[in-house]
Peer 1: 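Shown below is the structure under consideration.
All values below were derived from every heavy atom in this structure, side-chain atoms included, with hydrogens, water molecules and symmetry-related copies excluded. To find a chain, count down the sequence lines: A is the first, B the second, and so on, and within it residues start at 1.
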Number of protein chains: 2
Amino acid sequence: MTRILVADDEPQLLRALRITLRARGYEVETAPTGAAVLEVAARRHPELILLDLGLPDLDGIEVIEGLRPWYDGSIVVLSARHDPDDKVLALDAGADDYVTKPFGMEELLARLRAAVRRAAPAPDSVVVTTDAFTVDLAAKRVTAGDHDVRLTPTEWGLLEVLIRNPGRLIGHKQLLSEVWGPAYQQEFGYLRVYVAQLRRKLEPDPSRPRYLITEAGMGYRFEP
Amino acid sequence: MTRILVADDEPQLLRALRITLRARGYEVETAPTGAAVLEVAARRHPELILLDLGLPDLDGIEVIEGLRPWYDGSIVVLSARHDPDDKVLALDAGADDYVTKPFGMEELLARLRAAVRRAAPAPDSVVVTTDAFTVDLAAKRVTAGDHDVRLTPTEWGLLEVLIRNPGRLIGHKQLLSEVWGPAYQQEFGYLRVYVAQLRRKLEPDPSRPRYLITEAGMGYRFEP
DNA sequence: GGTGGGTGTCAAGGAACCGTCAAGAAACCC
DNA sequence: GGGTTTCTTGACGGTTCCTTGACACCCACC
């Protein structure tokens, strides 16, 4: 889960942001002062810091300068000041974006998504591992035991959908729709064939599946 | 030198931006249409694209969506539209920042600096070596065994994309898009011809490739 | 114990894809 | 302008992959 540190000294705004961000699935930390920002950021390593420039104890620029030497997440500044010079100073100090109050919540959320996306870890570390096999979603590479496993495009498409939803049951129709297209929602036979092929290539004991689970009458599930 | 692609269809603004950016030490490319943006971006790999959403031929969102699958630099949107919905759409399509016209030049420059700073690529090792051949990405030189290998520009472009993503599967369309340009995403025949040529020049046994691997129906992979 | 729906397994035909070759067109370089 | 390199295009055979159908199995229910 993405962790965001919200630094603001207005209780109402802080509360609104916390509720909204939590509802969007972020993990939220808060800090009411500049000193607290530095302390919480060091302790919790948030992926993004939403920083009000008008904190009571420290100048906002000083907070950014205190963070940047070691902090490599995104910093999005929130400020009531519209002066272009303030924006230039904050951005050049190391902020990634600058939003002026009052702001539209949807725009702020979109800017947060963009900032988080940018700071996302190296594009090739989307790896899912089990005791039996490893799947690298970015490189489209699968290894079982010590050697590579060769998957066909359809096998890969099916595996990818299941793995991107770990532990969750995916219905027959949804699976067919996502891998073969919406027109194939009745071709249940395909699923049987390809799930069997995946199991033969990935499961230690294909006849007793441990990771690619059948839910009779409903669909399949990837069990991490 | 940092290369910026400026996409706008107002000659005056384009001229002002070009002069200002050149004065600040940037290398500036320009593109008056969406199609030109895709073409120039593929050919020149700018570190940042400053994109007007109101280009005459393509919708701005479409341009962003056409870039993002393969382009990993920063995209800063410039737009006359203040509607929050437009901002959300552009940011979620993959833009990194959104500046509305009219804008202050100092603020824009600060935002560009922030965007470039973020996208600063990790200086990757410039030489890649395998048991069979060595590729120097900076010097554009390839040696196999003990003597140099001559590559045509297209062969080199293809090899470079594969080598910069070691172990990673690159899809047909992405390869075509990066080497020939986005308009060639259907020319699968080119890939067959040029991969075969690379293998003939680099692989110890071209009919049984060891480094330039085919993934049927998906793409190719450089295996270090 | 029989029945039927849902599932796993296997194999074969056909479609899609790939490697190879070669020749003409285009671009490039004296 | 001539010669060379490079790119594009098409055809062919071999390979991989998708689709399809037949059949066995398991389990719940009758």
Side-chain angles (χ1 to χ4, degrees), chain A residues 140 142 148-160 162 169-173 175-181 183-221, chain B residues 39 42-43 140 142 148-160 162 169-181 183-223:
Chain A
K140 286 202 187 343
V142 180
D148 280 14
V149 177
R150 186 159 274 266
L151 294 187
T152 73
T154 306
E155 287 166 2
W156 173 260
L158 183 58
L159 182 64
E160 186 172 10
L162 290 170
L169 169 67
I170 316 287
H172 294 133
K173 289 186 181 177
L175 230 30
L176 286 162
S177 182
E178 295 211 27
V179 179
W180 279 269
Y184 291 75
Q185 295 191 17
Q186 302 307 321
E187 302 288 342
F188 299 98
Y190 292 4
L191 285 180
R192 293 207 294 274
V193 171
Y194 278 92
V195 169
Q197 282 174 4
L198 279 180
R199 296 213 257 240
R200 199 167 334 131
K201 292 182 177 180
L202 299 180
E203 292 274 2
D205 181 359
S207 62
R208 248 188 304 278
R210 150 91 178 74
Y211 302 101
L212 271 25
I213 310 294
T214 302
E215 299 280 357
M218 303 202 288
Y220 294 89
R221 173 206 314 280
Chain B
E39 194 266 323
R43 189 157 43 80
K140 289 204 195 306
V142 181
D148 279 14
V149 177
R150 288 186 56 84
L151 294 186
T152 73
T154 306
E155 287 166 2
W156 173 260
L158 183 58
L159 182 64
E160 183 172 11
L162 290 170
L169 172 63
I170 315 289
H172 296 131
K173 289 186 181 177
Q174 185 181 347
L175 273 176
L176 287 163
S177 188
E178 296 213 25
V179 179
W180 279 269
Y184 291 76
Q185 294 191 17
Q186 304 305 322
E187 302 290 340
F188 300 93
Y190 291 6
L191 286 180
R192 286 193 302 227
V193 172
Y194 279 92
V195 169
Q197 283 172 5
L198 280 179
R199 294 212 259 241
R200 214 172 13 245
K201 293 182 177 179
L202 299 179
E203 293 273 1
D205 180 358
S207 63
R208 247 189 307 277
R210 149 91 177 76
Y211 302 101
L212 270 26
I213 309 294
T214 301
E215 300 278 1
M218 300 199 284
Y220 294 88
R221 180 200 307 280
F222 165 62
E223 190 69 40

Peer 1: Where do A:Tyr211 and A:Leu202 land on the side chain to side chain contact (heavy atoms under 4.5 Å, CB included) test, with the steps shown first?
Peer 2: CA-CA 9 Å; A:Tyr211 302 101; A:Leu202 299 180; over 6 Å; no
Peer 1: Specify the separation, in whole Å, of atom CZ of A:Arg150 and atom P of C:dC17.
Peer 2: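 Between P of C:dC17 and CZ of A:Arg150: 17 Å.
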Peer 1: Just how far, in rounded Å, is C1' of D:dC18 from CD of A:Glu187?
Peer 2: 12 Å
Peer 1: Under 4.0 Å from OP1 or OP2 of D:dC7: is there any side-chain N or O of B:Trp180 that close?
Peer 2: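 So the side-chain polar atoms of B:Trp180 never come under 4.0 Å of the phosphate oxygens OP1 or OP2 of D:dC7.
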Peer 1: Quick check on B:Lys201: does its NZ atom have over 12 non-hydrogen neighbours (other residues, nucleotides or ligands) under 6.0 Å away?
Peer 2: yes
Peer 1: Rounded to whole Å, how long is the line connecting atom CG of B:Leu175 with atom P of C:dC18?
Peer 2: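 Whole-Å distance recorded here is 12 Å.
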Peer 1: Quick check for you: to the nearest 0.5 Å, what is the distance between B:Met218 atom CE and A:Lys140 atom NZ?
Peer 2: 7.5 Å
Peer 1: Can you tell me the distance, in whole Å, between the CZ atom of B:Arg208 and the P atom of C:dG19?
Peer 2: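 Distance, rounded to whole Å: 14 Å.
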Peer 1: Each nucleotide in nucleotides 4-9 of chain C should get exactly one letter: B, S or -. Can you fill that in based on protein heavy atoms under 4.0 Å?
Peer 2: --SBBB
Peer 1: Starting from the 5' end of DNA chain D, give me the residue, B:Tyr184 or A:Thr152, whose nearest nucleotide shows up first.
Peer 2: B:Tyr184
Peer 1: Quick one: is D:dC7 close enough that its OP1 or OP2 comes under 4.0 Å of any side-chain N or O from B:Tyr190?
Peer 2: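 No.
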Peer 1: Please determine whether side chain to side chain contact (heavy atoms under 4.5 Å, CB included) holds for the pair B:Leu198 and B:Leu151, giving the CA-CA distance in whole Å, both sets of side-chain angles, and the decisive distance to 0.1 Å.
Peer 2: CA-CA 8 Å; B:Leu198 280 179; B:Leu151 294 186; 4.0 Å; yes
Peer 1: Might you point out which heavy atoms bring A:Leu212 and A:Glu203 nearest each other, and give the distance in Å?
Peer 2: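 Heavy atoms of A:Leu212 and A:Glu203 come nearest at N-OE2, 2.9 Å.
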Peer 1: Starting from the 5' end of DNA chain D, give me the residue, A:Glu155 or B:Glu155, whose nearest nucleotide shows up first.
Peer 2: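 The residue mapped nearer the 5' terminus is B:Glu155.
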Peer 1: Given axes from five pairs at either end, by how many degrees does the helix from C:dG1-D:dC30 to C:dC30-D:dG1 bend, rounded to 10°?
Peer 2: 30°
Peer 1: Kindly write out the residues that satisfy side-chain contact (heavy atoms from CB on, under 4.5 Å) with B:Thr154, not counting sequence neighbours, or none if the list is empty.
Peer 2: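 Counting only residues at least two positions away or on another chain, B:Thr154 forms a side-chain contact (heavy atoms from CB on, under 4.5 Å) with B:Thr152, B:Val179, B:Trp180, B:Tyr194.
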Peer 1: Testing the basics here: between A:Tyr220 and A:Leu169, what is the closest heavy-atom pair and its distance to 0.1 Å?
Peer 2: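 It is O-CD1, 3.5 Å.
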Peer 1: Could you go through B:Gln186 and B:Lys173, starting from their C-alpha distance and side-chain angles, then the distance that decides it, and tell me whether this counts as side chain to side chain contact (heavy atoms under 4.5 Å, CB included)?
Peer 2: CA-CA 7 Å; B:Gln186 304 305 322; B:Lys173 289 186 181 177; 3.9 Å; yes
Peer 1: Taking it one step at a time, do B:Val142 and B:Trp156 satisfy side chain to side chain contact (heavy atoms under 4.5 Å, CB included)?
Peer 2: CA-CA 9 Å; B:Val142 181; B:Trp156 173 260; 3.5 Å; yes
Peer 1: In whole Å, I'd like the distance from the CD atom of B:Glu203 to the P atom of C:dC18.
Peer 2: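 These atoms are roughly 17 Å apart.
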Peer 1: Could you check how far OH of B:Tyr194 sits from C1' of D:dT9, rounded to whole Å?
Peer 2: 11 Å
Peer 1: Rounded off to whole Å, could you give me the CH2-to-C1' distance for the A:Trp156 and D:dC17 pair?
Peer 2: 17 Å
